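Here's the structure, in structure tokens; my notes come after.
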Amino acid sequence: MSFASFQKAARALAGVAHALAEEHGVGDLLTSEARIMPTDILSGPDYLPSVAARAWRWGTEINEVAETLREAGLPADFAEAAASVMHLWEQDKDQHDQPLADVLSHLRRRCSPSAEAPQTHAAEHPQVPVPPSK
């Protein structure tokens with residue numbers, strides 16, 4: 001399930017990113033930028049403490065991404081979920097030298113999941129039935 005959570009969600013997120021890029025006429029720029037990105041995002045988790053240390057800045061940006069997606073008529077759920085993760089890492093502000101295990105443990109919620117879940121716009125983006133796997 002861990003691999004599927006990444007692999008399938010990453011592809012769906014790529015689809016949303018490409019749709020947003022096309023909406024704004026920057027599809028080629030997105031593709032060019034993606035070619036220079038690291039490919040070991042899942043296989044090399046040692047970078048995650050650095051992400052957690054910057055989450056306090058990225059949370060605001062990802063909320064702006066969610067709003068941009070909504071304005072384009074695209075699902076903002078991925079961005080809202082990312083904002084929720086960034087919120088859990090706010091306690092790690094500028095602490096780039098934390099052990100990976102500590103950073104990962106900060107993702108475990110200390111209260112009920114609904115208490116910290118961001119507001120979603122389910123009415124704007126109703127769930128689409130998923131066809132059975134072949």
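Keep in mind the model is a prediction, meaning the values are calculated, not measured.
- By the 4.5 Å heavy-atom criterion applied to side chains, R57 and K93 are not counted as neighbours.
- Atom CG of residue L13 and atom CZ of residue F6 lie 9.5 Å apart, to the nearest 0.5 angstrom.
- Open room surrounds CD on E33; 12 or fewer heavy atoms of other groups in view lie less than 6.0 Å from it.
- Heavy-atom minimum distance, W56 versus E90: CA-CG, 4.2 Å.
- Scanning both residues, Y47 and I41, for their nearest heavy atoms gives OH-O, 2.8 Å.
- The two residues A66 and A76 come nearest to each other via the heavy atoms O-CB, 3.5 Å.
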Could you walk me through whether F78 and V65 pass the side chain to side chain contact (heavy atoms under 4.5 Å, CB included) test, one step at a time? CA-CA 10 Å; F78 280 119; V65 168; over 6 Å; no

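- Remark: E71 CD to E67 CD distance equals 4.5 Å, nearest 0.5 Å.
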What's the verdict on side chain to side chain contact (heavy atoms under 4.5 Å, CB included) for T68 and H24, showing C-alpha distance, side-chain angles and the deciding distance? CA-CA 10 Å; T68 301; H24 291 276; 4.1 Å; yes

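- Residues T31 and H18 share a closest heavy-atom pair of OG1-CE1, 3.7 Å.
- Using modelled atom types, one side-chain atom of Q95 and one backbone atom of Q91 make a donor-acceptor pair closer than 3.5 Å.
- At least one donor-acceptor pair under 3.5 Å links the side chain of W89 to the backbone N or O of V103.
- M37 and V26 are members of different hydrophobic clusters when ILVMFWY side chains are connected at heavy-atom separations under 4.5 Å.
- Residue D92 holds its CG atom at 10.5 Å from CG of D97, rounded to the nearest 0.5 Å.
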Please lay out, stage by stage, how S50 and R54 fare under the test side chain to side chain donor-acceptor pair (under 3.5 Å). CA-CA 6 Å; S50 177; R54 293 177 283 173; 2.9 Å; yes

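- The neighbour count for D40 CG, taken as heavy atoms of other residues, nucleotides or ligands under 6.0 Å away, is above 12.
- L29 and L20 sit in two unconnected hydrophobic clusters of ILVMFWY residues. Membership requires side-chain heavy atoms under 4.5 Å apart, directly or through other members.
- Of all the heavy atoms in L74 and V16, the pair that sits closest is CD1-O, 4.1 Å.
- The structure places CD of E23 at 10.5 Å from CG of L69, a figure rounded to the nearest 0.5 Å.
- Atoms CD1 and NE2, from I62 and H87 in turn, are 15.5 Å apart once rounded to the nearest 0.5 Å.
- Taking CG from D77 and CZ from R70, the interatomic distance works out to 9.0 Å, rounded to the nearest 0.5 Å.
- A donor-acceptor pair is defined here as one N or O able to donate and one able to accept, closer than 3.5 Å; such a pair exists between the side chain of N63 and the backbone of G59.
- Of the possible polar contacts, none joining the S84 side chain to the E80 backbone as a donor-acceptor pair under 3.5 Å is found.
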